[in-house]
Every structure is written in structure tokens, then in C-alpha cells.
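Worksheet: the structure to be examined is printed underneath.
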Amino acid sequence: MIYTVTFNPAVDYVLRLPSLNGGSVNRTTSEKICWGGKGINVSYVLKMLGTESTAWGFAAGFTGAALTEAVKKMGISADFITLDEGFTRICVKLFETDSARETEINPGGPVISRKAIDKLLKKTDTLKSGDVLILAGSVPKSVPEDIYETICRRLENSGVLIAADASGSLLTKLLKYKPFLIKPNHHEASELLGCPIYNADQAEACALRLRVMGASNVIVSMAENGSVLAAEDANVYRIGAPKGTAVNSVGAGDSMLAGFIAGYINTKNYETALKWGTAAGSATAFSAGLADRPTFDRLLKEISE
């Protein structure tokens with residue numbers, strides 16, 4: 001079974017307007033509510049690819065109840081821990097159509113108590129060998145900075161496959177626990193290792209270094225320049241990005257992670273898994289929302305030819 005963890009999910013309130021004029025009344029041309037959170041995005045794309053998962057995380061107040069209901073309506077198994085106080089954050093995304101400028105207002109989210117964290121840790125103790133746990137995104141201030149490390153330490157030698165999509169020290173502290181997969185983009189990998197990444201050769205060198213540091217599989221993604229996978233089968237796989245117009249960066253990395261995991265679960269082949277990940281990530285990048293199956297299938301065929 002696959003489990004995703006989202007520590008700080010959100011209700012994204014997406015507003016479009018010609019331009020934003022501070023200090024005055026602004027009228028929008030469209031409004032949309034999206035259910036946000038990196039782990040939730042991963043679960044959504046896994047579902048689209050026919051792979052079931054359970055979404056773990058924290059929900060609070062009326063917005064948390066709405067989020068939980070929405071995730072269930074997506075066909076995703078939601079097992080969120082309900083917090084006693086506060087409410088799941090509402091993030092406001094402003095898109096100015098005249099200038100294509102984007103403005104985001106992101107609250108900190110509810111306080112996650114020690115009691116609630118312990119409930120999550122007990123959930124991880126139920127995982128079995130062969131299960132996949134996906135840790136995605138940053139953690140709120142009320143959660144210990146070493147929470148990912150704590151989870152990995154509890155699951156060490158359990159046979160659970162841990163995939164992590166994080167950055168900075170949140171990621172580097174996991175490497176000694178030999179996670180199954182990490183997926184930094186080229187900016188994050190460059191920052192982690194202090195080396196520039198401008199091409200596939202440099203991406204490969206960094207991916208191999210991260211493998212030596214402990215990760216079983218390392219994907220370094222480079223947006224329109226494709227990606228590199230240093231795999232635990234001792235091979236390095238490179239793949240270019242399919243042709244298309246990028247209109248959306250939100251969720252593309254989550255989609256790539258979901259695609260890789262689904263591809264690996266279905267085929268046990270690393271090169272094929274990378275193709276699935278690339279197709280899923282690109283399908284989101286080329287769409288207004290998260291990837292859909294027809295776009296994924298079309299791009300996967302293009303990549304595989």
C-alpha cells in the first residue's frame with residue numbers, strides 16, 4: 001500500500017483579475033477553489049494512474065472538514081488527524097491577467113500539537129515491508145524540524161520504501177536512512193551540494209553523489225531540459241522533456257514523483273518508471289490543473305517512441 005503525508009494542507013482560493021490595485025476595491029474575473037498539499041497532489045495523480053493510496057495529514061476546523069470531504073470525493077482514501085483548534089489554512093493565489101504577475105498569500109496554518117504528531121507516528125508504526133511512504137513538502141513551525149528524520153528512524157530496517165520530496169536540511173538528514181527515492185530539482189540539488197547544474201552531465205554527477213550519500217534512487221529534474229535518474233541498479237537514465245507549452249508549475253514535481261512511484265510499482269523497471277514520472281510531471285505542466293489520463297497517455301507514448 002502507498003501512503004502520502006501532508007503536514008500543512010490548504011484550501012487554495014485562486015483569483016484572477018486584470019490587475020491588483022492596492023488600497024482600493026478589486027473585482028475578480030474568475031474564482032476557483034483547489035484542494036492543496038503536496039502529498040494530496042501525489043495521491044490524486046496516483047489515483048489518475050490507477051494506483052491506490054491513503055492520504056495522511058492534519059485537518060482542522062470547517063476548512064479541514066471540507067478538505068477531507070473533497071479528497072474523499074476524488075476517490076482517495078483520506079485518513080487525516082483532526083486537530084482540536086484552528087482551521088486548515090486558506091491560501092490566496094492572485095493572478096493578474098494584464099501582466100501575468102502572480103501573488104500568493106500563504107498563512108502559517110493551525111498549530112499541530114505533540115499529541116497529534118504522536119498519532120501520526122503511531123500510524124507509521126503500522127506500515128509493513130513493501131509499503132511505500134511518501135513524505136512531500138515543508139513542515140509548519142509547530143512541527144519539529146526533524147520530523148522526517150524521526151519517521152525514517154522509526155522505519156529503519158522495516159522494509160518500508162520511503163520517497164521524499166523535500167529540500168535543504170529536511171532532505172539531507174534523511175540520507176543516512178537510505179530512502180528509496182529522493183527527487184530534488186536542479187536548483188535544490190545544486191544548493192544541497194554546492195555545485196552548479198546547467199546540463200545533464202552536471203545533473204548526473206550530483207545525482208551520483210547523492211546516491212553515495214545514502215539515497216537508493218535519485219532523480220534530478222531540470223524542467224524543460226528533462227531529468228536524470230541515478231538508480232539502485234547501478235545505471236544512470238536520462239530522459240528529455242516532451243514537447244509542449246508549460247502553463248502551470250504548481251504540482252508538476254508532485255506529479256513526477258507520483259508517476260515514478262506508480263511506474264515502479266507496476267513494472268519494477270527504473271527506466272520505465274522515469275518515463276512515467278516525466279509524462280505525469282509534463283502533463284501537469286502543460287495543463288491548467290493536475291495531470292489527466294489522456295494527456296499522460298499521449299506524452300508517455302511520445303516519450304517511449
| query | Atom CD of Glu149 and atom CG of Leu175: how far apart are they, to the nearest 0.5 Å? | reply | 10.5 Å
| Under 3.5 Å, is there a donor-acceptor pair between the side chain of Asp131 and the main chain of Val160? | no
| field | Exam field: side chain Ser77 to backbone Thr54, donor-acceptor pair closer than 3.5 Å | value | no
| remark: Note: Glu52 and Ile2 closest approach over all heavy atoms is O-CB, 3.9 Å
| field | Linked, directly or transitively: Ile261 and Tyr270 (ILVMFWY side chains, under 4.5 Å) | value | yes
| Whether Glu85 side chain and Val111 backbone form a donor-acceptor pair below 3.5 Å | no
| Cys195 backbone acceptor or donor facing Ser190 side chain under 3.5 Å | yes
| query | Quick check: are there more than 12 heavy atoms from other residues, nucleotides or ligands sitting under 6.0 Å from NZ of Lys178? | reply | no
| query | Taking C-beta and beyond as the side chain, do Thr278 and Met256 meet within less than 4.5 Å on heavy atoms? | reply | yes
| query | Looking at CZ of Phe260 and CG of Asp165, how far apart are the two atoms once the value is rounded to the nearest 0.5 Å? | reply | 13.0 Å
| task | For side chain to side chain contact (heavy atoms under 4.5 Å, CB included), just list the numbers for Asp292 and Ser287, CA-CA rounded to whole Å, side-chain angles, deciding distance to a tenth of an Å, and then say yes or no. | result | CA-CA 8 Å; Asp292 60 73; Ser287 306; 4.2 Å; yes
| query | Counting heavy atoms not belonging to Glu232, are there more than 12 under 6.0 Å from its CD? | reply | yes
| query | Going from SG on Cys152 to NZ on Lys176, what distance comes out if it is rounded to the nearest 0.5 angstrom? | reply | 10.5 Å
| query | Cation over ring, Lys268 on Tyr264, under 6.0 Å and within 45°? | reply | yes
| said: Are Leu15 and Phe95 packed together at the side-chain level, in the sense that at least one heavy-atom pair is separated by less than 4.5 angstrom? | reply: no
| request: Assess whether atom CD of Glu31 is packed by more than 12 heavy atoms of other residues, nucleotides or ligands within 6.0 Å. | output: yes
| said: Determine whether Met222 and Val228 satisfy the following criterion, side chain to side chain contact (heavy atoms under 4.5 Å, CB included), listing intermediate values before the conclusion. | reply: CA-CA 8 Å; Met222 299 176 289; Val228 172; 4.2 Å; yes
| query | Under 4.5 Å between side-chain heavy atoms, hopping through other hydrophobics if needed: is there a path connecting Leu135 to Met1? | reply | yes
| Heavy-atom distance under 4.5 Å between the side chains of Ser158 and Ser129, does that happen here? | no
| Is the backbone N or O of Ser221 less than 3.5 Å from a side-chain atom of Asn185, with the two atoms forming a donor-acceptor pair by type? | no
| task | Mind checking the OH-CG spacing from Tyr3 to Leu127? Nearest 0.5 Å is all I need. | result | 6.0 Å
| Cluster question for you: counting only ILVMFWY and a side-chain heavy-atom cut-off of under 4.5 Å, with indirect links fine, are Val220 and Leu171 together? | yes
| query | Under the 3.5 angstrom rule, does the side chain of Asp254 hit a backbone N or O of Val42 as a donor-acceptor pair? | reply | no
| Closest contact, heavy atoms only, Lys123 versus Trp56 | O-CH2, 3.4 Å
| Is the CD atom of Glu145 crowded by more than 12 outside heavy atoms at less than 6.0 Å? | no
| query | When rounded to the nearest 0.5 angstrom, what is the spacing between CG in Leu94 and OG in Ser19? | reply | 11.5 Å
| Close side-chain approach of Phe7 and Ile147, heavy atoms under 4.5 Å | yes
| said: Would Thr267 and Thr272 count as a side-chain hydrogen bond (donor to acceptor under 3.5 Å, both in side chains) here? Give the steps. | reply: CA-CA 7 Å; Thr267 71; Thr272 301; 4.6 Å; no
| field | Cluster check Val5, Ile117: I/L/V/M/F/W/Y, side chain < 4.5 angstrom | value | yes
| said: With a 4.0 Å cut-off on N to O distance, would you call Glu204 and Arg238 a salt bridge? | reply: yes
| query | Do the side chains of Ile162 and Phe180 get nearer than 4.5 Å, heavy atoms only? | reply | no
| message | When you measure from the side chain of Arg27 to the backbone of Leu17, do you find a donor-acceptor pair of N or O atoms at a distance under 3.5 Å? | response | no
| Leu274 and Ser227: which non-hydrogen atoms are nearest, and at how many Å? | CD1-OG, 3.6 Å
| task | Mind checking the CG-CG spacing from Leu181 to Leu257? Nearest 0.5 Å is all I need. | result | 6.0 Å
| Any chance the side chains of Asn106 and Lys93 put a donor and an acceptor closer than 3.5 Å? | yes
| field | Nearest atoms (heavy-atom pairs only) where Pro144 meets Val139 | value | O-CG2, 4.4 Å
| Hey, does Phe58 have a side-chain heavy atom less than 4.5 Å from the side chain of Pro140? | no
| Sub-4.5 Å side-chain heavy-atom contact between Glu96 and Thr103 | yes
| field | Student check: side-chain heavy atoms of Ile151 and Leu121 closer than 4.5 Å | value | yes
| query | Does Val11 belong to the same Ile/Leu/Val/Met/Phe/Trp/Tyr cluster as Ile105, with side-chain heavy atoms less than 4.5 Å apart forming each link? | reply | yes
| So which heavy atom on Ala59 is nearest to which on Phe80, and how close? | CB-CB, 4.2 Å
| said: Salt bridge or not between Arg114 and Asp118? Use side-chain N to carboxylate O under 4.0 Å. | reply: yes
| said: Please check if the number of heavy atoms outside Tyr237 that lie under 6.0 Å from its OH is greater than 12. | reply: yes
| Is Asn8 reaching over with its side chain to a backbone N or O of Gly108, donor-acceptor style, under 3.5 angstrom? | yes
| Do you know which two heavy atoms are closest between Pro110 and Leu83, and how far apart they sit? | CG-CD1, 3.7 Å
| field | Sidechain-backbone polar pair: Asn199 side chain, Asp201 backbone, donor-acceptor under 3.5 Å | value | yes
| Got a donor-acceptor contact below 3.5 angstrom from the Thr284 side chain to the Ala291 backbone? | yes
